[in-house]
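Each remark here refers to the structure printed beneath this line.
One-based numbering, in listed order, for ligands and for the atoms of each.
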Amino acid sequence: METVSTNRAFGGVQGVYRHASAVTGTDMTFSVYVPPHEAGATLPVVWYLSGLTCTHANVTDKGEYRRLCAELGLIFVAPDTSPRGEGVPDDPDGAYDFGLGAGFYVDATQQPFAQHYRMWSYVTQELPALVAAHFPADPDRQSIMGHSMGGHGALTIGLTFPDRYKAVSAFAPIVAPSQVPWGHKALGGYLGDDRAAWRKHDAVALIEDGARLPALLVDQGAADAFLEPQLRPGLLRAACDGAGIPLTLTLRDGYDHSYYFIATFMGDHLRWHAARLTQQGAA
Ligand SMILES: N[C@@H](CCC(=O)N[C@@H](CS)C(=O)NCC(=O)O)C(=O)O
């Protein structure tokens, strides 16, 4: 693992790192914030999955998570959203919603994407092992959050591994990719036409098929231009109600899809995660 940069922040260290990923077959860059802590301590880890067009840098620059992570003692990890580099295929038309910057947190089965687009395995296996080896991370105290496409990733990964991630939350997530244009394009392109294969990568379908979580926190901007065509939180509300999953879903008046929205509610989410990671009861 190569250190790209480190900067002291709020008494801890914000780092950016690069490594050769065996899973994606490319170099991958990610950021990790380690809060101030006592020597020898291990700390809970919050995973943050980003949305379309993002790298690790968007939330690192604009997410405003460091002050709270320092106060709460949380490590914050932000992976990239796709493989990149020579030989990595992109959207044939260069569109922003598929290919580079748009890995959708699946292991692609379709050509020419199957070789490198393996973000599910990267985020759930390879990167956690790397982080555990190089940072003071406690693997028994992990949680996951994300934005938009990354909200989709957080929900589907959290629903698949409910014992591993002690808290799951999302900002403006794509809750039912099988039912919206972004998801049709991505799941069709990476996984093919067999819709049965899509259900493992669709939060609403996972819940319909029996996946359960003890609680879920979602914030959504009411002025988000993607709200109805792509995000559709009402579908998550219906699925959670049907399954008895306690969902705290709040529509935030006037907020759009941007990092101004995310940064505004980041502190609420981190506190909610910390309460579950430290076993002090629900916030
Ligand atoms: N308007 C964007 C659509 C993509 C978008 O809004 N991406 C969100 C995640 S779905 C984002 O976080 N963008 C990067 C940023 O705001 O820093 C574009 O056309 O590039």
Just checking, is any N or O donor in the side chain of Y65 or Q14 under 3.5 Å from an acceptor N or O on the other one?
-> yes

Under 4.5 Å between any side-chain heavy atoms of L159 and V168, yes or no?
-> no

Counting N and O atoms only, with roles assigned by atom type, does the side chain of R84 sit under 3.5 Å from a partner on the main chain of T29, one being a donor and the other an acceptor?
-> no

Pairs under 3.5 angstrom, nitrogen or oxygen on both sides, ligand 1 versus protein: list them out, please.
residue  : atom   : partner : partner atom : Å
ligand 1 : 7 (N)  : L52     : O            : 2.9
ligand 1 : 13 (N) : T53     : OG1          : 3.4
ligand 1 : 17 (O) : N58     : ND2          : 2.7
ligand 1 : 17 (O) : K62     : NZ           : 2.7

Between F104 and H201, is the gap from one ring center to the other below 6.0 Å?
-> no

Evaluate the side-chain proximity of W182 to L231: yes if any heavy-atom separation is below 4.5 Å, no if none is.
-> yes

Just one of M145, M266, H147 clears the side-chain contact (heavy atoms from CB on, under 4.5 Å) bar with V59, so which one?
-> M266

